[in-house]
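These notes are about the structure you will find just below.
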Number of protein chains: 2
Amino acid sequence: MAKRPNRATISDVAQAAGVSISSVSNAINGKTAAMTEETLQRIQAAMRELDYRPSSVARGLAMQRTATLGLVVTEIETPLFLQAVTPIEREARQAGYSLLLVNARNEEDEREAVNLLLEKQVDGMMVISTSDPRQNDHLHKVQAEGTPVALINRADVSPEFDQINWDNMTGVKDLVRHFAGLGHRRIAILVGPVNRRSTQERLQGYRAGLEASLLPFDEDLVRPGDYTATPEDWKNSIEELLALASPPTAIIASDDIVAAVVIRALQEMGKSIPGDVAVAGIDDQPFSQYLGLTTMQLPVAEAGRQAINLLLERIHHPEKQAKHILLPCPLVIRDTCGGNKAG
Amino acid sequence: MAKRPNRATISDVAQAAGVSISSVSNAINGKTAAMTEETLQRIQAAMRELDYRPSSVARGLAMQRTATLGLVVTEIETPLFLQAVTPIEREARQAGYSLLLVNARNEEDEREAVNLLLEKQVDGMMVISTSDPRQNDHLHKVQAEGTPVALINRADVSPEFDQINWDNMTGVKDLVRHFAGLGHRRIAILVGPVNRRSTQERLQGYRAGLEASLLPFDEDLVRPGDYTATPEDWKNSIEELLALASPPTAIIASDDIVAAVVIRALQEMGKSIPGDVAVAGIDDQPFSQYLGLTTMQLPVAEAGRQAINLLLERIHHPEKQAKHILLPCPLVIRDTCGGNKAG
DNA sequence: TTGAAAGCGTTACCAG
DNA sequence: CTGGTAACGCTTTCAA
């Protein structure tokens with residue numbers, strides 16, 4: 001726990017350059033308008049000489065802003081949300097901010113995480129999580145204390161937060177209509193945890209799609225699952241589905257990984273894809289393109305980009321109203337749904 | 001850019017509790033041994049009352065340590081290294097540290113990133129990157145200034161840094177021997193960028209494996225590629241490989257994604273896997289298990305875990321010598337190599 | 001155009 | 001056992 005060897009401070013630089021601390025400070029912060037060329041030169045030389053690096057900690061204390069943003073990510077089964085991290089970090093840094101990353105494993109952990117970020121005095125924070133219903137009172141308090149918050153995939157009803165959400169509803173509706181357009185009349189859907197808002201929206205989209213295609217809704221074709229369901233569970237679901245008197249010719253999986261499992265299961269059962277059964281996923285994970293998987297894209301990176309931009313906007317203009325953005329989930333048509341070149 | 005409404009400070013608490021600032025500070029930091037129960041109670045009550053949260057910025061300035069660690073990740077094509085982030089964050093937080101995440105897009109960017117972390121006065125930093133040959137002089141300077149550095153996948157020769165590397169050599173050797181043991185005599189390998197150290201090691205492992213299996217080395221079976229090679233490029237490679245007078249019966253892909261492409265290409269050519277051609281990947285990405293892909297695992301999460309533990313160790317005991325750890329890359333035998341239940 | 005000095009919120013040392 | 005007070009490194013205001 002040894003203290004680090006003292007690095008050069010602003011006063012060292014001032015002394016070396018033979019000027020006052022304020023002048024060095026001004027030089028650092030580009031308030032160079034009213035400064036002799038010579039002084040500036042001397043200061044810069046001294047800084048280089050001493051390998052001076054300003055302390056953002058001290059600066060943070062003095063200015064009451066840290067140039068740091070917080071990102072809280074709920075740890076989920078698939079590393080899906082991690083895809084938002086890279087673009088967020090990029091935009092943050094471009095705007096002169098650093099990123100403090102915190103993982104939250106559950107709701108209580110999230111509170112702790114938020115608290116931590118508050119102690120670190122971040123200038124703003126983003127929270128990305130699954131769409132389970134949650135309490136957001138701690139986040140309201142954060143905003144009340146003056147730290148802007150942007151939410152991804154939370155669908156909080158209050159207009160107070162900047163928010164990005166995905167249009168699961170329309171996405172799945174489009175998917176169903178696409179299948180219907182391909183001639184499918186029995187379209188099954190595997191869904192995740194029912195309490196999750198995304199699940200609800202997808203089911204709505206499913207029904208809406210059927211309706212728009214003049215297809216009847218059949219309870220038997222909806223298989224509830226869970227993100228913790230094992231591959232075995234999903235395989236069983238598939239078998240039951242295919243054992244139906246009138247089995248589905250198309251299956252929408254709850255995510256791309258489940259889709260991959262479904263495809264394997266079907267192949268093991270000797271079914272051809274999409275010949276016997278068409279399949280689509282949800283997510284558009286990186287590997288999906290290599291599977292030729294048709295899927296509904298969840299634009300995670302885009303969500304991150306938009307979230308941080310909203311956040312930055314509001315940090316700079318706290319008086320402006322928060323915005324809610326509903327991101328479209330485009331269909332990515334590849335091979336597993338048929339009708340494509342690879343048919 | 002409005003200033004945030006002033007939050008309660010330590011002196012507010014002191015005033016409210018009718019004690020001195022020092023006492024509050026002591027209470028916060030658990031130096032509660034020599035304190036009246038009553039004073040403590042009063043202080044705690046005041047803290048709760050005012051919703052007091054200590055400022056880590058101020059504390060950082062006073063203590064010259066920020067309880068923050070930096071993580072520099074080179075942005076790579078596949079999000080492979082992101083798998084290290086979650087475990088690193090977890091361990092960091094458990095140890096009382098926060099994580100500042102910085103993405104570096106290239107070498108120059110890395111310098112900038114490191115500088116940023118230095119300004120933020122992190123107590124230590126980790127760098128994870130591809131194994132291209134690099135200059136590490138800036139990192140040497142960081143350590144010289146007293147900030148410990150741990151490296152993942154850099155294979156720097158100097159003993160000065162804590163380091164985690166993967167034993168690509170042995171891993172690929174094992175893979176080759178596994179194939180040989182299955183009766184394969186023509187084993188092809190697709191490799192990434194040749195200047196990358198991992199590529200070199202894998203080629204060494206490849207040769208060593210052949211030798212150990214008494215198999216001849218055949219230049220034709222080594223297909224150099226590039227992480228930027230398109231799926232088309234890899235398909236062409238496969239076609240050329242299969243057009244050989246004596247075509248391979250087993251293929252080791254340069255990573256799991258390439259393996260997925262290879263598998264698709266083979267399937268499109270009407271080959272069965274592993275019946276006609278066995279395939280293995282390198283990485284063990286999350287999706288690989290759903291493909292039934294046999295692969296050489298790159299224990300990324302484990303590398304992260306070990307790196308941060310080394311780093312923490314050295315932060316607390318700067319006098320101790322840095323350690324180098326070579327992490328084994330175990331084979332994950334699944335279906336695509338044959339010989340397994342799924343044959 | 002430059003400099004002195006007062007904060008920023010904590011910790012840590014040293015008297016009382 | 002408690003309370004002053006001097007750092008910590010920087011920004012900012014106000015004089016000169």
Side-chain angles (χ1 to χ4, degrees), chain A residues 1 3-43 46-47 50-68 118-121 123 145-146, chain B residues 1 3-43 46-47 50-68 118-121 123 145-146:
Chain A
M1 233 22 149
K3 255 192 186 140
R4 88 192 52 208
N6 296 333
R7 284 211 331 238
T9 77
I10 196 172
S11 79
D12 294 330
V13 175
Q15 197 158 7
V19 298
S20 79
I21 292 183
S22 338
S23 296
V24 179
S25 176
N26 285 334
I28 294 169
N29 297 312
K31 308 195 174 182
T32 177
M35 198 180 298
T36 307
E37 180 64 16
E38 199 223 320
T39 334
L40 185 58
Q41 294 283 329
R42 278 223 311 280
I43 293 176
M47 296 205 305
L50 298 174
D51 192 24
Y52 170 70
R53 239 185 310 270
S55 152
S56 4
V57 177
R59 184 198 302 246
L61 182 56
M63 304 211 305
Q64 291 298 78
R65 50 166 302 236
T66 53
T68 302
L118 243 28
E119 291 192 2
K120 294 281 182 184
Q121 272 164 260
D123 297 334
E145 286 182 22
Chain B
M1 233 20 148
K3 258 194 182 137
R4 87 193 50 209
N6 296 333
R7 283 211 331 239
T9 76
I10 196 172
S11 78
D12 294 331
V13 175
Q15 199 158 6
V19 297
S20 78
I21 292 183
S22 329
S23 296
V24 179
S25 177
N26 285 336
I28 294 169
N29 298 310
K31 307 194 174 183
T32 177
M35 199 179 298
T36 306
E37 180 64 16
E38 198 223 321
T39 331
L40 186 57
Q41 295 282 330
R42 279 225 309 282
I43 293 176
M47 298 206 302
L50 298 173
D51 194 24
Y52 170 71
R53 238 185 311 271
S55 153
S56 4
V57 178
R59 184 198 303 245
L61 182 56
M63 304 212 306
Q64 291 298 78
R65 51 168 300 240
T66 52
T68 302
L118 244 27
E119 292 191 1
K120 294 279 183 185
Q121 273 165 258
D123 296 334
E145 286 183 21

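Please read these numbers as outputs of a predicted model, since none were measured by experiment. Keep in mind that the numbers below use all heavy atoms, side chains included, and drop hydrogens, waters and symmetry copies.
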Would you say a side-chain N or O of A:Lys31 is under 4.0 Å from OP1 or OP2 of D:dT12?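 A:Lys31 to D:dT12 OP1/OP2: side-chain N or O found under 4.0 Å.
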
Give a yes/no on whether any side-chain N or O of A:Gln64 is located under 4.0 angstrom from OP1 or OP2 of C:dG9.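 The answer is yes; a side-chain N or O of A:Gln64 sits under 4.0 Å from OP1 or OP2.
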
Please report the distance, rounded to the nearest Å, between [atom1] in [X] and [atom2] in [N].
X: A:Leu40; N: C:dT2; atom1: CG; atom2: P; answer: 9 Å
X: B:Asn29; N: C:dC13; atom1: CG; atom2: P; answer: 13 Å
X: B:Met35; N: D:dT2; atom1: CE; atom2: P; answer: 6 Å
X: B:Glu119; N: D:dG9; atom1: CD; atom2: C1'; answer: 13 Å
X: A:Glu38; N: C:dT1; atom1: CD; atom2: P; answer: 14 Å
X: A:Gln41; N: C:dT1; atom1: CD; atom2: C1'; answer: 16 Å
X: B:Ile28; N: C:dA12; atom1: CD1; atom2: C1'; answer: 14 Å
X: A:Arg65; N: D:dG9; atom1: CZ; atom2: P; answer: 21 Å

Which one, C:dT2, C:dG9, D:dT12, comes nearest to the side chain of A:Met63?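 In terms of side-chain proximity for A:Met63, the closest of C:dT2, C:dG9, D:dT12 is D:dT12.
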
Any idea which of D:dC8, C:dT11, D:dT12 is nearest the A:Ser25 side chain?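 Closest of the options to the side chain of A:Ser25: D:dT12.
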
Check this for me: does any side-chain nitrogen of one of A:Arg53 and B:Glu145 sit under 4.0 Å from a carboxylate oxygen of the other?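 Here A:Arg53 pairs with B:Glu145 in a salt bridge, since their nearest N and O are under 4.0 Å apart.
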
Distance-only side-chain donor-acceptor flag, A:Ser55 / B:Lys120, under 3.5 Å: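 Absent: no donor and acceptor within the cut-off.
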
Got a donor-acceptor contact below 3.5 angstrom from the A:Thr66 side chain to the A:Gly60 backbone?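 Judged by distance alone, no pair lies under 3.5 Å.
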
Kindly give the heavy-atom pair with the smallest separation between [X] and [Y], and that separation in Å.
X: A:Tyr52; Y: A:Ile10; value: CE1-N, 3.6 Å
X: A:Met35; Y: A:Lys31; value: CE-O, 3.8 Å
X: B:Leu50; Y: B:Ala16; value: CD1-CB, 4.0 Å

Tabulate atom names and distances for all N/O pairs under 3.5 angstrom spanning the protein and nucleotides 3-7 of chain D.
residue	atom	partner	partner atom	Å
D:dG3	OP2	B:Ser20	N	2.9
D:dG3	OP2	B:Ser20	OG	3.3
D:dG3	OP2	B:Ser23	OG	3.1
D:dG4	N7	B:Ser22	OG	3.2
D:dG4	O6	B:Ser22	OG	2.7

Roughly how far apart are A:Ser56 OG and A:Met63 CE, rounded to 0.5 Å?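 These two atoms lie 9.5 Å from each other.
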
Check DNA chain D against residues 9-17 of chain B and give the residues with a non-hydrogen atom under 4.0 Å, in numerical order.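 Result for residues 9-17 of chain B: none.
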
Name the atoms and distances for all side-chain donor-acceptor pairs under 3.5 Å in residues 21-30 of chain B, with sequence neighbours left out.
residue	atom	partner	partner atom	Å
B:Ser23	OG	B:Ser20	OG	3.3
B:Asn26	ND2	B:Ser22	O	3.4
B:Asn29	OD1	B:Arg59	NH1	3.3
B:Asn29	ND2	B:Ser25	O	3.0

Within a strict 4.5 Å, meaning less than it, do heavy atoms of the A:Val57 and B:Val57 side chains meet?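 In short, these two side chains touch, coming nearer than 4.5 Å.
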
